[in-house]
Structures are given as structure tokens and as C-alpha cells.
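Here the structure comes first, spelled out in C-alpha cells, and everything after it is commentary.
Order of the sequence lines fixes the chain letters, A, B, ..., with proteins taken first and strands second; residue numbering starts at 1 for each chain.
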4 protein chains.
Amino acid sequence: MKRNKPKYMQIIDAAVIVIAENGYHQAQVSKIAKQAGVADGTIYLYFKNKEDILISLFKEKMVLFVEKIEEVIAGKQTVSEKLLVMIENHCRILSDDHHLAIVTQLEIRQSNKDIRLKINDVLKGYLELVDKILISGIESGEFSSDLNVRLARQMIFGTLDEMATTWVMNDQKYDLVEQVPAIHKLLLHGCRGRN
Amino acid sequence: MKRNKPKYMQIIDAAVIVIAENGYHQAQVSKIAKQAGVADGTIYLYFKNKEDILISLFKEKMVLFVEKIEEVIAGKQTVSEKLLVMIENHCRILSDDHHLAIVTQLEIRQSNKDIRLKINDVLKGYLELVDKILISGIESGEFSSDLNVRLARQMIFGTLDEMATTWVMNDQKYDLVEQVPAIHKLLLHGCRGRN
Amino acid sequence: MKRNKPKYMQIIDAAVIVIAENGYHQAQVSKIAKQAGVADGTIYLYFKNKEDILISLFKEKMVLFVEKIEEVIAGKQTVSEKLLVMIENHCRILSDDHHLAIVTQLEIRQSNKDIRLKINDVLKGYLELVDKILISGIESGEFSSDLNVRLARQMIFGTLDEMATTWVMNDQKYDLVEQVPAIHKLLLHGCRGRN
Amino acid sequence: MKRNKPKYMQIIDAAVIVIAENGYHQAQVSKIAKQAGVADGTIYLYFKNKEDILISLFKEKMVLFVEKIEEVIAGKQTVSEKLLVMIENHCRILSDDHHLAIVTQLEIRQSNKDIRLKINDVLKGYLELVDKILISGIESGEFSSDLNVRLARQMIFGTLDEMATTWVMNDQKYDLVEQVPAIHKLLLHGCRGRN
DNA sequence: AATGAATGAGCTTTCATTCAT
DNA sequence: GATGAATGAAAGCTCATTCAT
């Protein structure tokens, strides 16, 4: 298992720092190697190529992301609460790791279509989690059975992503978590759709 | 006025096609020139550099975008209607120009931070339009005065952007405009927030 | 006769200014045209190509240079006096036209070997003048008949040129003409060679 | 120490040959790399950029130049002898390396002002050597204490440089070293200045 | 005579990847 | 497993010159 080899995560963590601090196009393999404290060639013992570093990076971080959110959702009963803790954790995880926020919201998006598609694959794990919450809401009767789950999921993810990106673009100078209740209200009422 | 010089728009239109068909990083200046039917050097009579082509491209298209939407909104009374025609036009404009959709949703985002920031500046025109609609809703009493305009705008734009990007990523193989009523309902209820 | 057409000298004078102020490699034909107040294409009605502007420039200025010096020499009897007024005028002409000094001492030398050779041809007029002075010195007995005229001329021209270049390189911040008597003494004694 | 890395001198020597044989503006990095038997990219492991090759080239050769001359001067007592061996070596070093002569007398001077200034800095080492000889002449009483060292140095260097440049411009078809005694006599008498 | 829009050839430098040690 | 020197392909931009008006 790759993940158990110490240098694997060492290189990924180095990549996050180097990309966040230098930007995607200035994150040369040699810089990542230097930050990780290994030789350039060593990178290629753990990753197929540069693209593989990026996708692996995203995969590793996203797994933690989804695990964390699944964990906090588990204890919640109503869809409102589930949505709330999901939004809260989404914002908190990004707030807690400024480097990661920069990488996921700004830098990684500069990659080409191939990489974007692979990243989207990884993202599916998160989107399915959102779907699960929405479906639980329909089943509990809190949401109408007419709710278009795919569109609602796009609204939720699109909104959170836009919020986060704007926040990063503004150099993270305001508090993202503070806005959680307001966003929760907007999205919840959007999904409820009765008024 | 730049826009009146025929080659200016000729080059911009060529850039949209070349970027859409080859991807951002494979859209060399020489390819754009060839597509536009001019010499490489001619590009530089109309644009400062490659970056300037991209920003101008985005600016020109966004101006048309905003003008068109302002026009259709003008005739509408209720905020619900305004939102509907805005969403409808957002989707229709992208649907009607597949090349443009690819460029704005996927390719242009691969540009570096400098260009991204300038593109964001251009985008402000559109975001202010959304704000105007939201404020008109508050003034007419259709939306609560408690509505956080900035967050609501991020929800609306984030949702539309996510929808459009997903649609382009899926090779535009379903009908985007068809989803307008459902999205309108989601966003409107989100903003109304009474239920 | 080219020289009588007003735009011919207009373009040459513009070239001196543009080259002096921007440097040889930044003196584009379009800049010279603009400075001269004519269209780019007009340049080519008066000069075969860019190279021709440079050589013509040097030729026109050198003719004035040689004419002036021949004039002042004419009135002098001894070789010492002739040498003195030659040196004096060499320094004064450069001192009086800072732009020209920059162009002849620094910028024009950045041209390629072809142009250098043609410039050297033009320079011959001046070198022959120096030879004439030296020969008059031998004939009058002031200089030994053993004097190697070619080498002495190289000494004289090389010394004046090095002085002038150093002075221009130091931004012409000291007085070149002030040094004339000392240089005259050095060169005269070099040529006399009896001690 | 850069100079000990074999490829460093290999590239510099290749640059001398390529510049001498093709001219400054036709000495592309790829040509130099080919001549040196390395890949284009390898050049940039040893030099910051193309400019750096030129300046390093001049620096390395000038160091040898100055070292050599300092060595031969050391054994000489009178200023006349010192001047003689200096002139002799100046001419001999250029005569012995035709490529180097072309590069230093013609090609390198086509570089832009930035490079010229850096080259002038390197040249200072040589000019200081000339000053040292002149001062030793004043101290020994061979030269008058009235001698303007700066001007005398400009005469000596200017004369040698002009001789060498003319010789290279004439395709080095006569013997430069043969002229050493005559030049020595001219310059020595110029400095002595008593006659 | 004068214009100036259009042309298109040409080159330095970067950086992901390899492979001998 | 680890190293890091070496590789070499690839592209944006400039500017002297032309020529239709």
C-alpha cells in the first residue's frame, strides 16, 4: 500500500505547500522534491508522473474530507441537521488548512481537461454523500419527492464551491465558518421548496 | 473603437474555436492566427499579448451576455420572472454556442492567477446584475430584508456555474435549457426562505 | 542628390536621436519614422534598408567632421599645431553633440561585421586626413622619416577613440575638451620619438 | 569552483569558436551546445542565460590574459621593458588564438549596453595593470610626475585595441607581433614626453 | 510621393522525465 | 531504494520590409 510508505505522504504534503505558495504553473517537480527533502528522481519511484501527484493529492485529501463528514452526519437525525454539519465541516476543513484551500479552490483548476476529469471522478465520492443526504430528506418527508436530486446536489455543491472560491480569492480575510447558518438556511429552503 | 475593426472580432472568434477544439494549452497563437486567416504578427496589432486575447475574448462575450440579460429583465415585473429569464438566458446563451461554453466553463480556467483575477473583474458586471435583481426583490417585499445579498448571489451564480460546468464536462449531451424551471424553483425558494 | 531632399536629412537626424536615446537594438525603423514625422514606408523611399540609414548617417556626419577639420588645419603651419587643432576639433564636435557622441562611440558599434566594414570605409576619409598630417610632419622634418605612418595613425585614432568612448561611457560627465593639451602632448611626443 | 567542472570550460570554448565562425548574432545557444557536445538544456546548468556565457567567456579569458602579463612583467626592472613585454604579450595572445581575437575585437562588441558595461568591469583588471606599470615608471623617475596616468593608459589601451581591431578586420593577414617594437617605441616616447 | 496595415521567419529558455551510478 | 546530471522538445513575440491605396 502506497500510503504506508512514509515518502508517499511526504511528497503529497510537499506538493500542497509548493502549489499553494507558488501557484500551479510554478510548482515544478524539482521544487516539490526539494520541499519533500528527496531527490527529483525519487518522486518517480512513488508517482507515475506529475499528473499522478496531483490526482493522488486530491484523492488523499478528499478521502479524509468524506470520512470526516460521514462521521459527523452519522449522529444526526433530521436532514436539516445533516445539511448543517456537512456545510459546517466543508467550511471548517478549508478554514483549517489554508494551503489546502488554495490548492483545491484555485490552483488545481488550472490543470488540463484530462486531470480535471480524473479529479471529478474523485469528487464523485463527495457528491454521492450529498445525494445520500438529499434522499434521506425525501424519504423522511422533509423534502418533496419531486425534488430533482441531481439539480439540488449541483446547487449545494456549486454554492459551497463558489463561496469557498470567493473566500480564497479574497485572501481568506473573512471568516468562512461564520456564514454557515445563513448558507444552510438558503440551501435548505431551496430544497424544501414550499413557500 | 476596437470592436469595429473587423479583424479584432475575427481573431476573438478564431480564439474561441481554437481553444474549444484544442484546449487552452494547445491553443498556440499560430493556430489562432491560422484559424482567423491572418498572419501571426497581425494578432499583435490588435492584442498586447496572448493573455490579452483571452481577457478581451471574455470581456466581449460577457458584455453581450450582460446586455442581453439586462434587456430581457427590463420587461419583467416580479423578481420571480426576472430570475427566470436570467437563468433561462444564462443557459440558452451557453447552449447556443457550444464552443463558447467549453471555453468559459473549462478552458479559460486553466489560465494563471493574473488572468483569473482580470476575468473575475469582468465577471463583476454579471454579479452586479444578479445583485440588482435580488435587491429589487427585497424592495418589492418578495424577499425578506434579512436576505444576505452576497451569499444569495454566490448561491445563484455558483449553482448556474456548477450546472453549466457539469453539462460541458458531460459533453453537453443533455438539454441544459430544459432544466431551467427546476433550477428557478430551487433558487427562488432559497432566496424567499419562508417555509 | 539625396541630401537635398528635405526628408533625407530629417530621417537621419531622427535616427541619431532615436539611437542615442533608445540604444541601437531598440531603434526600430518605426520609431525612427515616428521621430522623423513620416510613415514607416516613407523611410524606404529614401533608404534601401535599415542598414543603409546607419551607414548614410555615419557618412553624412563624417563628411562634416572631415570638412571641418580640413578647414581648421588649412591655416596651420607646424605639424604640432595641425595635430592640436585636429584633436581639439575631434573632441569639440563630440562634446557639442551629445547624441552624436553616443551614437558613434557606443551604439553604432553594436552593428554586425558587414556594417562595421562599410563604416570603416567611411572612416577612411578621416584616417587619410591623419595620415596627411603625419606625412606633412615628416616632410617638414618635424617627424623622423622612420615614423611608421600607419602605426602612428592607429595610435592617434585609437587614443582619441578610447578617450571619447570612456567619456561617453561615463555619461559625458567631465569636460573632454579640457584634456586636449595633455593628449596632444602625449601623441606629439609619441610621434616625434626622440628622447 | 565553476572552472573545475569540465563542461563549464567546454561550453566557453565552444562559444568562442561558434561566435568567431558565425558572428555574434548567428551564435545561437543551440549551435554552442552542439559544438560543445551537450544538450541545449545543459548550457543552463552552468550559465544563467546566454548573456552569462558571454560575460563568463570574457572573464575567463581576461583572467588568463592578466595573469600571464603580470607574470612576465614581474621579471622586468625598467618601465620600458615592462611596457614591451606587456605589448608583446597582448599581441601574442591574440595572434595565438585567432578565434579569441575575432570574438574580443569584433563580435563581443555587438552585445547590448548591459553586457558592454559588465565586460568593461572585467576589463578594469587589465587597465589597472597598465596603471601599475605607468606608476612604477613615475616612481623610478623614468616618467615625469606630470604624466596624466589616466590619459596615458587610454593612449596605451586605445592604441593596442585599435591595432588589434584593424588587424582582425583585415582578416589577420599580416603579423601583429612584428609591429611590437615600433608600437613600443611610439607609446614609450609618448609617455616619456621629453624631446 | 506618401501611407501604414499586414506579413512571417526566427530563437531563448523551461522543465518533466530518464538512467547510470 | 535513492540520486541528480543530463536531456531536448516546444512556443510567444518582434520588427524589417512590402504593397495596395
Side-chain angles (χ1 to χ4, degrees), chain A residues 5-8 11 25-34 36-54, chain B residues 5-8 10-11 25-34 36-54, chain C residues 5-8 10-11 25-34 36-54, chain D residues 5-8 10-11 22 25-34 36-54:
Chain A
K5 303 202 180 174
K7 294 201 176 164
Y8 176 80
I11 292 166
H25 292 292
Q26 282 307 305
Q28 294 87 349
V29 172
S30 60
K31 250 184 212 159
I32 296 173
K34 199 172 187 182
V38 300
D40 293 16
T42 306
I43 299 267
Y44 291 85
L45 299 174
Y46 294 91
F47 298 92
K48 219 166 65 246
N49 49 34
K50 190 180 178 183
E51 180 171 316
D52 190 28
I53 306 177
L54 290 166
Chain B
K5 301 201 181 178
K7 297 209 172 159
Y8 176 80
Q10 198 173 321
I11 291 165
H25 292 291
Q26 282 307 304
Q28 294 89 346
V29 172
S30 60
K31 255 184 210 157
I32 296 174
K34 200 171 186 181
V38 300
D40 292 18
T42 305
I43 300 267
Y44 292 88
L45 296 176
Y46 295 90
F47 299 91
K48 222 169 56 246
N49 49 34
K50 190 180 177 183
E51 180 171 315
D52 190 29
I53 306 177
L54 290 165
Chain C
K5 304 202 182 177
K7 294 201 176 163
Y8 176 80
Q10 199 172 319
I11 291 166
H25 293 292
Q26 282 307 304
Q28 294 87 349
V29 171
S30 60
K31 251 184 212 157
I32 296 173
K34 199 172 186 182
V38 300
D40 293 17
T42 306
I43 299 267
Y44 290 87
L45 298 174
Y46 294 91
F47 299 92
K48 220 167 63 247
N49 49 33
K50 189 181 179 181
E51 181 171 314
D52 189 28
I53 306 176
L54 290 166
Chain D
K5 300 201 180 176
K7 298 209 171 157
Y8 176 80
Q10 197 173 321
I11 292 166
N22 298 276
H25 292 292
Q26 281 308 304
Q28 295 89 345
V29 172
S30 60
K31 255 183 210 158
I32 296 173
K34 199 171 187 182
V38 299
D40 292 16
T42 305
I43 301 265
Y44 292 85
L45 297 176
Y46 295 91
F47 299 92
K48 221 168 58 250
N49 48 35
K50 191 179 177 182
E51 179 171 318
D52 190 30
I53 305 177
L54 290 166

Roughly, in whole Å, what's the span from NZ in D:K34 to P in F:dG8?
12 Å
Considering just the side-chain nitrogens and oxygens of A:K7, establish if one lies under 4.0 Å of OP1 or OP2 belonging to F:dA2.
yes
Please give, in whole Å, the distance from E:dT14 C1' to A:K31 NZ?
12 Å
Counterpart residues, side-chain contact (heavy atoms from CB on, under 4.5 Å), relative to D:K34 (two or more places apart)
none
Going 5' to 3' through nucleotides 14-21 of chain F and flagging B where a protein heavy-atom sits under 4.0 Å of the base, S where only the sugar-phosphate is that close, and - otherwise, we get BSSBB---
Please give, in whole Å, the distance from F:dA2 P to A:I43 CD1?
12 Å
Determine: side-chain N/O of D:Y46 to OP1/OP2 of F:dA5, distance under 4.0 Å, yes or no.
no
Between F:dC13 atom C1' and B:I53 atom CD1, what is the distance in whole Å?
11 Å
Test of understanding: with side chain to side chain donor-acceptor pair (under 3.5 Å), list the residues that count as partners of D:Q28, not counting sequence neighbours.
D:Q26, D:K31
Working to the nearest 0.5 angstrom, can you tell me the gap between B:I11 CD1 and B:L45 CG?
8.0 Å
Which residues share a side chain to side chain donor-acceptor pair (under 3.5 Å) with C:K50, sequence neighbours left out
none
For A:Y44 and A:V29, work out which heavy atoms get closest and say how close.
OH-CG2, 3.8 Å
For DNA chain E, what are the stems built from at least three Watson-Crick or G-U pairs in a row, each pair having both distances below 3.5 Å?
E:2-21 with F:2-21
Checking C:Q10 now: which residues fulfil side-chain contact (heavy atoms from CB on, under 4.5 Å) with it, not counting sequence neighbours?
C:K7, C:V38
Rounded at 0.5 Å granularity, tell me how far CD1 in A:I43 sits from OH in A:Y8.
12.0 Å
Tightest non-hydrogen contact, residues C:A33 and C:D40, listed as CB-OD1, 3.6 Å
Please give, in whole Å, the distance from F:dA5 P to D:I11 CD1?
14 Å
